[in-house]
Each structure stands twice: as C-alpha cells, then as structure tokens.
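All values reported here derive from a predicted model rather than from experimental measurement. In what follows, every chain begins at residue 1, and chains take the letters A, B, ... in the order their sequences are listed.
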Number of protein chains: 2
Amino acid sequence: MKRKRSYSRATHHALSILGSMIRIGRTERNMTAQELADRAGISRTTLHNIEKGAPGPEIGTVFEVACLVGVPLFDTDNRVLALQDARLREKLTLMPKAVRPVTQEVDDDF
Amino acid sequence: MKRKRSYSRATHHALSILGSMIRIGRTERNMTAQELADRAGISRTTLHNIEKGAPGPEIGTVFEVACLVGVPLFDTDNRVLALQDARLREKLTLMPKAVRPVTQEVDDDF
DNA sequence: CGTTAATGACTAATTTAATGAACACAATAA
DNA sequence: TTATTGTGTTCATTAAATTAGTCATTAACG
C-alpha cells in the first residue's frame, strides 16, 4: 500500500517557517542540537528533520520542541492558550455534531 | 525500548486548539469527515485523531488538512508565507552555523 | 592556523503511526 | 417513527518514522 503523499505549497512553506523558527530559537539560546534533542526526548536525527521542515515528524514532538525554544505556536501565554482552547471547544458544542451531505434535490422535470 | 513520551501543557493546548479549529473549519464548510479525509489523502481515522488533538499524526498531514479547511497556519496569504519563509532562511544564513558549548572557564584558584 | 566539537548525511534495527474494516451509536431527513 | 448517514472507537496489518550508530565535513574559537 503506497502512502506517498503530496503537500501543497502553503504546507511546505509553513513547515519550512516553523523549522527555521525553531532553529533560530535554538541558536539564540545557545543550545546544541544534541542538547535540545535530549530535552525534548528525541534523537538528534529527528530534530534535524524538524528544523529542515520535513513533513514526517509527529506534530506533538514538533510542538514540544517549539515550546522548548520559545517559538509561539498560537499564543505565547499559556493561560491565553487554555482560554482559547476552552472557548473553541465550547463553540464546538454549539455546532452541528454531524454534517449531512447536501441533498441533491433531484430536479429532473425540466 | 519504550518510547512513551510526555508533552507539556502548552503543547497539549496548542494541539487541541488546532484540532478544534480544523473541525470548526470543516463543519463551517459543510464537509463530512470522509470528504475532507479523501481530499487530504488520509483515512477518516487519522482525520479523527487530528481533530481530537492527538500528538501522533505527522505534522505535514495536519498542516495540509488545516490548509484545506482554511485554518491560517502562520499567515493566510500564500505569498506572505513565502516571503516570511525566505526572510527566515536569509536570517539563518547570517546566524552561527554551529553552537559551541559554553566553555566553563574553570576558576579553581579561589 | 590548528584543534575540537557541531552538524549533515547515511545505515540498519526497532517502534510507531496510518490504514481499512468493523461495530455501536447519534443525528438528521422523510 | 423509520431509514439513512455521520461519527466515535477498536483492532490487525502494513508502511513509515524513530533511533543509535558511524563517518565526513564544517565551523567556532583559542
């Protein structure tokens, strides 16, 4: 089963940006790749892929690394983040739980 | 070797937020989970994990899905994204290519 | 300039995510 | 209500990421 995926330009750019920001953050904090990898609990190889902007790594580890070097993901402040999260989840409860496909309304008497 | 990872609260929140935003975006566009999964070239199960805010999915697929439902990653506009990317990469060339460990400057004659 | 460590690029072995199918349940439309 | 479809979840299989290791190259700094 081939899993070979393709990604849009926007996705590639976003990945590249995030990777660059992480590397810049790490460098600014004078951390070696090994140090940061150890802190994040990942291998130097994986960190290298993350900084390169590879699409493969798990999003959880990437976000964790970003946090470690001070790259703001959605908001720098943790409390704001929690608030935003709660608000979004609340909004979700008010939305339809299931999306019905648009009924084609067959109109074959023309 | 068990890999059992742990993630900071900030990471969990960011994941949860992104997942919620994706689900909201999908619902607002009246897309079923299957539709979006098909467009992104992933399974419905994986999409479900993404919307749930699971740390496991690949960052590339998450970003791709986010783009498909109009969730702004760093900037909505693709051109701005490209510009930002180029600027960051340029900044990187001006930064030290390697981080040297802080020389402890042993000061044992006290 | 020379030393030394960081980084980049591979490898093979292990661990994990992605998948598709299955099922129960919820929610919508007729 | 009844029928139909979307969603949440689990599970075995398969494909891919992660890992540790080594090596060559590069860059920092005395």
Side-chain angles (χ1 to χ4, degrees), chain A residues 1-7 15 19-20 22-24 26-65 69 89 92-106, chain B residues 1-7 15 19-20 22-24 26-65 69 89 92-106:
Chain A
M1 193 183 311
K2 271 286 189 184
R3 224 169 81 194
K4 198 74 165 85
R5 263 193 257 292
S6 73
Y7 302 94
L15 287 171
S20 296
I22 287 175
R23 173 178 266 264
I24 289 174
R26 173 174 71 82
T27 307
E28 282 176 346
R29 291 172 181 234
N30 268 37
M31 297 175 73
T32 68
Q34 190 63 62
E35 274 179 324
L36 180 53
D38 289 343
R39 281 201 189 214
I42 62 177
S43 69
R44 191 170 66 87
T45 308
T46 300
L47 176 59
H48 181 67
N49 285 328
I50 291 175
E51 291 187 345
K52 204 169 54 178
E58 301 176 20
I59 191 170
T61 63
V62 179
F63 276 20
E64 189 70 20
V65 169
V69 296
R89 300 205 152 278
L92 268 178
T93 66
L94 301 177
M95 296 194 76
K97 306 285 184 284
V99 173
R100 305 291 292 195
V102 283
T103 52
Q104 270 307 78
E105 197 58 48
V106 242
Chain B
M1 191 184 307
K2 270 288 186 183
R3 222 170 82 199
K4 198 71 166 92
R5 282 218 191 73
S6 72
Y7 301 94
L15 288 171
S20 295
I22 286 174
R23 173 177 267 264
I24 289 174
R26 173 174 71 82
T27 307
E28 282 177 347
R29 294 175 179 231
N30 267 35
M31 298 176 72
T32 68
Q34 190 62 63
E35 274 179 326
L36 180 53
D38 288 343
R39 281 201 190 213
I42 63 177
S43 70
R44 190 172 66 86
T45 307
T46 299
L47 175 60
H48 180 69
N49 284 328
I50 291 174
E51 292 187 345
K52 202 168 56 178
E58 299 178 17
I59 191 170
T61 64
V62 178
F63 277 19
E64 190 70 21
V65 170
V69 295
R89 300 202 152 278
L92 267 177
T93 65
L94 301 177
M95 296 192 77
K97 307 285 184 283
V99 174
R100 305 291 291 194
V102 282
T103 53
Q104 270 309 73
E105 196 58 48
V106 244

Engineer: Ignoring hydrogens, what is the shortest heavy-atom contact between A:Val99 and B:Asn30? Give both atom names and the distance.
Structural biologist: CG1-C, 3.4 Å
Engineer: Does a side-chain heavy-atom distance below 4.5 Å link B:Arg23 with A:Met95?
Structural biologist: no
Engineer: Nearest 0.5 Å, please: how far is CZ in B:Phe63 from CD1 in B:Ile22?
Structural biologist: 9.5 Å
Engineer: Side chain of A:Glu58 only, please: which of C:dT19, D:dT19, C:dA17 is the nearest?
Structural biologist: C:dA17
Engineer: Is the shortest heavy-atom distance from the side chain of A:Leu15 to the side chain of A:Val62 under 4.5 Å?
Structural biologist: no
Engineer: Are any of the side-chain nitrogens in A:Glu64 or B:Arg5 under 4.0 Å away from the carboxylate oxygens of its partner?
Structural biologist: no
Engineer: Heavy-atom nearest nucleotide on DNA chain D for A:Gly56 versus B:Met95: which residue maps closer to 5'?
Structural biologist: A:Gly56
Engineer: Just how far is it from atom CD of B:Glu51 to atom CG of B:Leu36, taken to the nearest 0.5 Å?
Structural biologist: 7.0 Å
Engineer: So, the side chain of B:Arg44 versus the backbone of B:Gln34: is there a donor-acceptor pair under 3.5 Å, distance only?
Structural biologist: no
Engineer: Just the rounded figure in Å: distance from C1' of D:dT26 to CZ of B:Arg100.
Structural biologist: 10 Å
Engineer: Take B:Lys52 and B:Asn49, measure what side chain to side chain contact (heavy atoms under 4.5 Å, CB included) needs, and give me the verdict at the end.
Structural biologist: CA-CA 5 Å; B:Lys52 202 168 56 178; B:Asn49 284 328; 3.6 Å; yes
Engineer: Nearest heavy atom decides the nucleotide; on that basis, is A:Ala98 or B:Ile42 closer to the 5' end of DNA chain C?
Structural biologist: B:Ile42
Engineer: Return whichever of B:Leu47 or B:Val99 has its heavy-atom-nearest nucleotide of DNA chain C closer to the 5' end.
Structural biologist: B:Val99
Engineer: By the 4.0 Å heavy-atom rule, please label B:Gly41 as base, sugar-phosphate, or nothing.
Structural biologist: sugar-phosphate
Engineer: If every non-hydrogen atom of B:Gly60 is compared with every non-hydrogen atom of A:Tyr7, which pair is closest and at what distance?
Structural biologist: C-CE2, 3.4 Å
Engineer: What is the distance, rounded to the nearest whole Å, between atom CD1 of A:Ile59 and atom P of C:dA18?
Structural biologist: 11 Å
Engineer: Taking the nucleotide of DNA chain D with the closest heavy atom to each, which residue, B:Met31 or A:Pro55, is nearer the 5' end?
Structural biologist: B:Met31
Engineer: Check DNA chain C against residues 32-40 of chain B and give the residues with a non-hydrogen atom under 4.0 Å, in numerical order.
Structural biologist: none
Engineer: Given D:dT19, is OP1 or OP2 found less than 4.0 Å from the side-chain N or O atoms of B:Arg5?
Structural biologist: yes
Engineer: Check nucleotides 8-12 of chain D against the protein and report each pair of N or O atoms closer than 3.5 Å, with its distance, or say if there are none.
Structural biologist:
residue, atom, partner, partner atom, Å
D:dG8, OP1, B:Arg23, NH2, 2.8
D:dG8, OP2, B:Arg23, NH2, 2.9
D:dG8, OP2, B:His48, ND1, 3.0
D:dG8, N7, B:Arg44, NH1, 3.3
D:dG8, O6, B:Arg44, NH2, 2.9
D:dT9, OP2, B:His48, NE2, 3.4

